[in-house]
Amino acid sequence: MDSLLIEGGRPLNGVVQISGAKNAVLPIMAATLLTRERCVIRNVPDLEDVRTMAQILRTMGAAVQQGEGTLAMQAASVSDKADYELVRKMRGSICVLGPLLGRLRRATVSIPGGCVIGMRPIDLHLKGMRALGAKVQMQSGYVRVRGAKLAGAPIFLGGRAGPTVLGTANVIMAAVLAEGQTTIENAACEPEVADLARFLNAMGAKVSGAGGPTVTVIGVKELHGAEHEIIPDRIEAATYAIAGVATRGVVTLAGARLDHLAAVVDKLREMGVKVESHAGGITFQRGRSLRPVDITTQPFPGFPTDMQAQMLALLTLVPGISIITERIFEARFTHAAELVRLGADVAIEGPSAIVKGGSPLSGAQVMASDLRASAALVIAGLVAKGITQVNRIYHLDRGYERMDDKLRSLGARVKREPGS
Ligand code: EPZ
């Protein structure tokens with residue numbers, strides 16, 4: 001497994017081009033199963049998760065050609081099964097459930113396991129399928145949904161932690177070919193859901209209100225092929241912004257959308273970071289000294305859980321006490337112990353991390369555990385004195401396009417070490 005060797009202490013300066021959003025492209029790839037016609041998707045990031053999803057769709061019978069930043073996809077015929085071996089590689093593949101039910105009226109999908117950040121249940125996905133008239137059975141690790149007739153219905157999709165992003169995506173994708181109107185209340189408002197709806201409407205669906213808490217779908221008979229450009233990745237963007245601030249550099253995000261970054265920009269400004277949006281992008285510059293802040297992760301438009309680890313890494317550098325409370329996932333602090341190995345002072349109290357910021361970080365070997373925790377360790381390594389070796393960086397490759405190249409282009413001294 002590859003590692004990343006980072007020589008800390010160098011400021012990041014310059015412009016970084018933000019890639020297409022991982023969490024938009026994955027459900028949109030699944031949505032191409034809803035038509036037998038050809039679809040072309042552009043601004044596709046070059047990520048492990050995209051390659052995995054392409055592999056899953058190929059095993060289900062879809063034709064998938066990957067070009068430079070593009071995907072040409074056609075599911076002329078498709079099987080109703082997504083098997084364990086593939087689904088376990090990437091939980092996000094659960095988003096084939098909705099399109100399979102919509103197109104074939106049946107699906108057998110392996111129940112995605114949990115992961116380091118939590119249980120990752122799918123009860124709300126299944127509540128939505130049942131509401132549309134499908135029969136749902138759990139059998140030997142698979143969920144089987146059957147719905148000869150799918151009829152639109154009112155569905156409340158709020159769960160113990162609020163809305164569900166992929167649950168909302170799955171229910172929309174099952175409803176677009178159901179008979180009649182579906183109204184989803186407490187739908188996830190993430191921009192990636194709105195991007196999926198734009199693609200579905202380009203295919204001839206009738207989805208309105210996506211990106212807001214109430215989404216309405218009027219079922220149609222069939223969908224046709226379409227072309228689509230993926231929105232920029234707001235989490236990648238915020239990650240580089242925080243890396244620039246942490247290393248006392250000036251970083252400009254080219255291609256990022258300020259309206260997708262409101263909560264992160266708000267917190268960085270509260271800390272004393274200057275944020276300016278201009279024709280060339282969005283520039284982040286640290287002020288003279290940074291102030292500690294308190295953060296609670298929330299569903300969009302609140303502070304994103306996918307930025308919690310990266311912000312925690314930054315706050316370890318800010319003198320004073322900061323508190324980060326994780327309200328979306330039950331176990332998303334695996335990065336804290338690794339940050340402590342680099343010299344940070346972090347204590348976990350239930351759903352909160354209490355950070356006594358300001359102690360200097362020094363390089364060490366650390367272990368990546370999930371995608372965003374890995375990014376947090378890279379940010380800390382860019383600041384820590386000496387060399388930090390981040391092991392198991394396949395986690396990073398799942399969701400960050402060529403992160404080592406992008407960091408080097410900003411002046412970082414990073415080297416990818418092939419794994420033993
Ligand atoms: C999506 O996961 C993202 N992944 C995650 O990004 C992101 O952290 C998450 O949304 C929250 O924003 C993709 O889009 C591929 P959820 P998803 O269903 O949809 C509970 C990353 O780093 N819940 O919105 O699987 C669940 O336990 C990844 O890019 C239920 O209770 O997350 C969690 O507490 C990590 N029942 C909360 O809802 C359900 O049926 C939010 O989960 C479904 C979810």
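Atoms within each ligand, like the ligands themselves, are counted from 1 in listed order. What you see below is based on every heavy atom in this structure, not just the backbone, and it leaves out hydrogens, waters and symmetry mates.
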*For atom 31 (O) of ligand 1, which candidate among G159, P121, G118 holds the nearest heavy atom?*
P121
_To the closest 0.5 Å, what do you measure between CD1 (I122) and CE (M138)?_
5.0 Å
_Where L382 and A412 come nearest, the two heavy atoms and their spacing_ = CD2-CB, 3.7 Å
*What protein heavy atom sits nearest atom 36 (N) of ligand 1, and how far away is it?*
D123 OD1, 2.7 Å
*Which of the atoms in ligand 1, numbered in the order shown and given with their element, are less than 4.0 Å from a heavy-atom of R332?*
8 (O), 22 (O), 35 (C)
_Given D49, L157, N23, identify the one with the heavy atom nearest to atom 4 (N) of ligand 1._
N23
_M119 near ligand 1 by a heavy-atom separation under 4.0 Å_ = no
*Is M53 near ligand 1, meaning one of its heavy atoms is under 4.0 Å from it?*
no
*Sub-3.5 Å donor-acceptor pair from the side chain of N186 to the main-chain atoms of F156, do we have one?*
no
*Would you mind checking if E222 and R36 are paired as a salt bridge, meaning a charged N to carboxylate O distance below 4.0 Å?*
no
*atom 17 (P) of ligand 1: nearest protein contact (heavy atom, Å)*: R120 NH2, 3.9 Å
*Between S110 (side chain) and P112 (backbone), is there a donor-acceptor pair under 3.5 Å?*
no
*Specify the protein heavy atom at minimum distance from atom 22 (O) of ligand 1: its residue, its atom name, and the distance to 0.1 Å.*
R372 NE, 2.9 Å
*Approximate separation, where rounding is to 0.5 Å, of T305 OG1 and M311 CE*: 13.0 Å
*Roughly how far, to the nearest 0.5 Å, is the CZ atom of R120 from the CD atom of E330?*
9.0 Å
*Can you sort out which atoms of ligand 1 are near K22, meaning under 4.0 Å from one of its heavy atoms?*
21 (C), 29 (O)
_Quick check on contacts: which atoms of ligand 1 are under 4.0 angstrom from a heavy atom of L124?_
30 (C), 36 (N), 39 (C), 40 (O)
*Which atoms from ligand 1 have a heavy atom of D306 less than 4.0 Å away?*
5 (C), 6 (O), 7 (C), 8 (O), 21 (C), 22 (O), 28 (C), 29 (O), 35 (C)
*Top protein contact for atom 33 (C) of ligand 1, by heavy-atom distance*: I328 O, 3.4 Å
*For the side chain of R341 and the backbone of Q365, is there at least one donor-acceptor N/O pair under 3.5 Å apart?*
yes
*Tell me, which pairs form a salt bridge (Lys or Arg N to Asp or Glu O under 4.0 Å) where one or both residues lie in residues 205-219, sequence neighbours left out?*
none
*Name the option, out of T168, I117, L166, I235, that contains the heavy atom nearest to atom 19 (O) of ligand 1.*
L166
*Distance to 0.1 Å, residue and atom name: give those for the protein heavy atom nearest to atom 24 (O) of ligand 1.*
V165 N, 2.8 Å
_Heavy-atom nearest neighbour in the protein, as seen from atom 37 (C) of ligand 1, with distance rounded to 0.1 Å_ = A161 CB, 3.8 Å
*Under 3.5 Å, is there a donor-acceptor pair between the side chain of Y84 and the main chain of Y142?*
no
*asked:* Suppose the criterion is salt bridge (Lys or Arg N to Asp or Glu O under 4.0 Å): which pairs have a residue in residues 125-153, not counting sequence neighbours?
replied: K149-E179
*In the protein, what heavy atom is nearest to atom 26 (C) of ligand 1, and what distance, to one decimal place, separates them?*
R160 NH2, 4.0 Å
*If you have a sec, work out which protein heavy atom is nearest atom 11 (C) of ligand 1 and how many Å separate them, to one decimal?*
T305 CG2, 4.0 Å
